[in-house]
Amino acid sequence: MSMKQIKWGILGTSMISATMANAIQESAAGELYAVGSRSMTTATNFANQFGIPVCYDNFQKVLDDPEVNAVYIGLPNHLHKDWMIRCASAGKHILCEKPLVISTDEYAEAFAVVGNASVFCMEALMYRCHPLVARLCDIIRNKLIGDIKAFTAVYMADIAHLANPVAGGSIMNLGCYPVSLIRLLAGIDQGKSFAEPVMISATGRVNENNRDNQASVLLKFDNDVVAAVTTADDMGMYHQFEIYGTKGRISMLTNPWLPSENDNRFIIYQSDNNLTTEINVTAEKTLYTYQIDSVNDSISVNSRECNQISWQDSLGNATVLEEWLRQVQKSN
Ligand SMILES: NC(=O)c1ccc[n+]([C@@H]2O[C@H](COP(=O)([O-])OP(=O)(O)OC[C@H]3O[C@@H](n4cnc5c(N)ncnc54)[C@H](OP(=O)(O)O)[C@@H]3O)[C@@H](O)[C@H]2O)c1
């Protein structure tokens, strides 16, 4: 591939946009070309920080710029749907932050437009692009722990005071990660790209505005596979992920949803031969650079979806998150 052939525009100037700006600059084929913000001062400061040649005082102007090929939507969750529609209408490829949408109605509305435009679109579930996930998939596919029967997952971070209250709570901001990994691995175990639960049972804790600060869900998949997931956004930073199979288990020692370059460790316990193996999957580049490289590679071969997370996969995740949230709010 020739160098720097995809010109990127960024919408929003928060910390995650800064992380993506670095990743675009590190990517093999991406050029960081434009940034849009609600204020020119903020846009200019961001542009100066990253050496971005073009900045705009509103998001739409990025989409109206004919030089822009692809847009990173780093806006709060409740704005994703409208900006995906605007990007697709402007013929721009899309990398949109997670969760892609905050309801299945929003998904239908967005993809009525995105689906009919000639653009690439992917939900920025970045961990899916890291070699750690490919390694876990290989281990599950090769049945090193037999057939999967259960998952346990905890993902908590103290972000409630930072997150936009309209954009959702712990389920949308954090629960999206373990649910997506479980759906992926449950599917791989059954020879598919991902699996959908056949039963969802949830409860949790909401605040006075009905915002979920803590939420647990039981997911049952085909073949009696059960997953128990807990998330919270006001209790500190904790991660835990275990996979139980008929012939052993896998225990993550590091955060599978925020893999790093050097430290991505897990232990495989194999019960049939009493073997314990610790594995560390190292990476050649940052997590977010893997993500941008995956997007650029897909765009350069005219693919509209990424291998790591398809549109249907994102819809499956949105479907689970919506039902999880519905039950939590109903249980309070
Ligand atoms: N993948 C990851 O590791 C990761 C990490 C954190 C967050 N995220 C995701 O990234 C997205 C942004 O999260 P965040 O915490 O950065 O959100 P945020 O700070 O609330 O908003 C992000 C940017 O959007 C613009 N914005 C904020 N409120 C707006 C409003 N009401 N109307 C229009 N524009 C608005 C602002 O940009 P301007 O001031 O420049 O206009 C702001 O800097 C979310 O979808 C979140 O789930 C992902």
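From a predicted model like this one, the values you see are computed outputs, not experimental measurements.
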Between [atom1] of [X] and [atom2] of [Y], what distance do you get to the nearest 0.5 Å?
X	Y	atom1	atom2	result
Asn48	Phe50	CG	CZ	11.0 Å
Tyr72	Cys96	OH	SG	8.5 Å
Phe120	Arg304	CZ	CZ	10.5 Å
Leu185	Ile243	CG	CD1	5.0 Å
Met122	Ser314	CE	OG	8.5 Å

Is there a donor-acceptor pair closer than 3.5 Å between any side-chain N or O of [X] and the backbone N or O of [Y]?
X	Y	result
Arg128	Gln308	yes
Gln270	Leu144	yes
Tyr107	Trp311	yes

* Exceeds 12 heavy-atom contacts within 6.0 angstrom, atom CE of Met199 ->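 Counting neighbours around CE of Met199, more than 12 heavy atoms of other residues, nucleotides or ligands fall under 6.0 Å, so yes.
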* **Residues, nucleotides or ligands: over 12 heavy atoms within 6.0 Å of Lys143 NZ** =>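 Yes, NZ of Lys143 has more than 12 neighbouring heavy atoms, counting only those of other groups under 6.0 Å.
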Can you confirm whether the side chains of [X] and [Y] place a donor and an acceptor under 3.5 Å from each other?
X	Y	value
Tyr33	Asp65	yes
Glu284	Tyr290	no
Asn317	Arg183	yes
Thr104	Glu322	yes
Ser298	Ser303	no

* Heavy atoms, side chains only, cut-off 4.5 Å: are Ile292 and Leu95 in contact? ->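 Yes, side chains in contact.
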* Can you find a heavy atom in the side chain of Leu32 that is under 4.5 Å from one in the side chain of Ile10? ->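 They are in side-chain contact.
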* Asked: Ion pair present between Lys149 and Asp147, side-chain N to carboxylate O less than 4.0 angstrom?
  ->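 Salt bridge flag = no for Asp147 with Lys149.
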* Asked: Are the charged groups of Asp64 and Lys61 less than 4.0 angstrom apart, N to O?
  ->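 No, no charged N to carboxylate O under 4.0 Å.
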* Asked: Just checking, Lys98 and Tyr177: is the charged tip under 6.0 Å from the six-membered ring centre and within 45° of the axis?
  ->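 The answer is no; the distance or angle limit is not met.
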* **Stepwise side chain to side chain contact (heavy atoms under 4.5 Å, CB included) test for Val154 and Thr231** => CA-CA 6 Å; Val154 173; Thr231 186; over 6 Å; no
* Asked: Between His239 and Tyr155, does the ring centroid distance fall short of 6.0 Å?
  ->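 No, the ring of His239 stays outside the 6.0 Å limit from the ring of Tyr155, centre to centre.
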* To do: Output every pair passing side-chain hydrogen bond (donor to acceptor under 3.5 Å, both in side chains) with a member in residues 73-91, not counting sequence neighbours, ordered by first then second residue.
  =>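 For residues 73-91: Gln60-Arg86, Asn77-Asn173, Lys81-Glu109.
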* According to the side-chain hydrogen bond (donor to acceptor under 3.5 Å, both in side chains) rule, which pairs have a member within residues 8-18, sequence neighbours left out? ->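 Listed once each, the pairs are Trp8-Asn296.
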* Asked: Considering the options Thr286, Thr282, Thr289, which one meets the side-chain contact (heavy atoms from CB on, under 4.5 Å) requirement together with Glu261?
  ->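 Testing each of Thr286, Thr282, Thr289 against Glu261, the sole residue satisfying side-chain contact (heavy atoms from CB on, under 4.5 Å) is Thr286.
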* To do: Carefully, step by step, assess Glu26 and Lys285 under the rule side chain to side chain contact (heavy atoms under 4.5 Å, CB included).
  => CA-CA 9 Å; Glu26 282 168 19; Lys285 47 195 175 185; 5.6 Å; no
